[in-house]
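Here is the structure we will look at.
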Amino acid sequence: MAPVSTGCGAFLRGNDVILPDSGDFSLPETLDCGQAFRWKRLPDGGFFGVARGRACHIAQTAGEIRILGGAEDFEAVWRGYFDLDRDYGEVKRRLSSDPVLARAVAYAPGVRVLRQEPWEALCSFIISQNNNVPRIKGIVERLCAAFGEPLGEGVHAFPSPERLAALEPDDLAPIRAGFRARYLVDAARKAASGEVDLPALAHLPLEEARGELRKITGVGAKVAECALLYGCGRVECVPIDVWVRRVLDRLYPDGLPACARGVEGLAQQYLFHAARTCPGFLPGEAAQSSDGR
DNA sequence: AACCAGGCGCATA
DNA sequence: TATGCGCATGGT
């Protein structure tokens with residue numbers, strides 16, 4: 001069987017793309033760790049999701065991950081989306097020279113940081129503020145169903161900035177986003193007009209990129225950092241929410257260790273996930289038992 | 001029935 | 001610069 005692409009170890013079997021299990025990619029750990037909000041567990045244990053206007057069914061068995069739907073979508077979307085050209089084994093070895101990070105990595109070694117679209121990541125994390133994961137998912141789902149382009153079979157793309165820019169906050173009432181509705185409309189108008197140049201954020205100097213995002217009402221330091229990390233591939237960015245705040249206060253009072261330099265955002269994801277879901281990871285705190293579907 | 005949820009804007013000192 | 005409060009909504 002011919003490789004569908006060089007570098008990431010994928011090959012084609014029939015119409016599916018196969019990723020041999022490297023130990024560096026767990027579907028639940030990656031898709032259900034609070035970084036993306038459109039992935040649903042399927043009865044067969046796999047996941048279904050939509051990104052960049054394409055739907056995807058992905059399944060994991062003992063020895064491999066199977067991406068259904070063909071090599072074209074894989075090359076166009078999923079290879080980049082799942083960050084398959086980054087060597088997470090190497091990243092994890094580096095991070096594991098620190099004892100706390102080593103624990104976080106060992107707890108969930110299949111966590112990857114997804115490379116989402118800037119606009120979707122921005123909206124998702126505007127919605128996330130003072131909110132919980134199950135409800136964030138519900139709001140995003142209703143937003144897509146109401147305003148996203150139909151892709152067939154009841155599936156919808158994430159709505160474009162242009163589409164949302166034409167709305168008033170009240171038009172978003174059915175989404176039940178609460179006070180965040182006007183933030184979404186403001187973001188849409190600034191993105192659609194080019195007042196905030198989202199595609200430029202991937203290569204702008206960090207402070208400038210942060211400043212651009214914070215022109216949007218409802219985008220503060222944390223949401224801006226999320227948009228940059230999850231939406232713009234800026235893996236040095238560290239969103240500091242309540243969980244990461246606790247990790248830093250209690251375990252890294254002097255900041256993240258030197259081994260995380262340049263990939264602080266990836267380190268953050270392992271730490272965030274462990275702090276939230278691994279009992280006893282945070283001293284003097286019970287982790288959440290579960291969240292969401 | 002309060003309290004919380006991957007925060008932010010605004011007022012006040 | 002630094003706190004404190006209200007905010008829509010829904011689940012414990």
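Proteins come first, then strands; the chains are lettered A, B, ... in the order of their sequence lines, and each starts at number 1.
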Separation of the P atoms in C/dG4 and B/dG6, to the nearest angstrom: 23 Å

Nearest-Å distance once atom P is located in both B/dA11 and C/dA8: 15 Å

Salt bridge (charged side-chain N to carboxylate O under 4.0 Å, His left out) assessment of A/Glu120 paired with A/Arg38: CA-CA 10 Å; A/Glu120 178 170 343; A/Arg38 293 203 69 188; 5.0 Å; no

Contact letters for nucleotides 4-9 of chain B, in which S counts primed atoms plus P, OP1 and OP2 and B counts the base, heavy atoms under 4.0 Å: -BBBSS

Throw together a table of side-chain donor-acceptor distances under 3.5 angstrom for residues 161-175 of chain A, partners on residues two or more places apart or in other chains.
{"from": "A/Arg163", "atom 1": "NH1", "to": "A/Phe147", "atom 2": "O", "distance (Å)": "3.4"}
{"from": "A/Glu168", "atom 1": "OE2", "to": "A/Arg189", "atom 2": "NH2", "distance (Å)": "3.2"}
{"from": "A/Asp171", "atom 1": "OD2", "to": "A/Glu168", "atom 2": "N", "distance (Å)": "2.7"}

Among A/Leu266, A/Val263, A/Val91, side chain to side chain contact (heavy atoms under 4.5 Å, CB included) partner for A/Val113: A/Leu266

Going by atom type alone, with no hydrogens or angles, which donor-acceptor pairs under 3.5 Å involve a side-chain atom of residues 104-112 of chain A and a protein atom two or more places apart or on another chain?
{"from": "A/Tyr107", "atom 1": "OH", "to": "A/Thr277", "atom 2": "O", "distance (Å)": "3.0"}
{"from": "A/Tyr107", "atom 1": "OH", "to": "A/Thr277", "atom 2": "OG1", "distance (Å)": "2.9"}
{"from": "A/Arg112", "atom 1": "NE", "to": "A/Phe82", "atom 2": "O", "distance (Å)": "2.9"}
{"from": "A/Arg112", "atom 1": "NH1", "to": "A/Asp24", "atom 2": "O", "distance (Å)": "3.0"}
{"from": "A/Arg112", "atom 1": "NH2", "to": "A/Asp83", "atom 2": "O", "distance (Å)": "2.8"}

Results of ring-ring contact (aromatic ring centres under 6.0 Å, His included) for A/Phe125 - residues two or more places apart only: A/Phe37, A/Tyr230

Nearest whole Å is fine: how far is [N] [atom2] from [X] [atom1]?
{"X": "A/Leu172", "N": "C/dA8", "atom1": "CG", "atom2": "C1'", "result": "13 Å"}
{"X": "A/Asp170", "N": "C/dA8", "atom1": "CG", "atom2": "P", "result": "12 Å"}
{"X": "A/Arg176", "N": "C/dC7", "atom1": "CZ", "atom2": "C1'", "result": "18 Å"}

Sequence-distant partners of A/Leu68, side-chain contact (heavy atoms from CB on, under 4.5 Å), two or more places apart: A/Asp16, A/His57, A/Arg66

Exceeds 12 heavy-atom contacts within 6.0 angstrom, atom CD of A/Glu236: yes

Canonical and wobble pairing (Watson-Crick, G-U, under 3.5 Å) of DNA chain C, dot-bracket with |: |||||||.||||

A/Tyr183 side chain near A/Ile127 side chain, heavy-atom distance below 4.5 Å: no

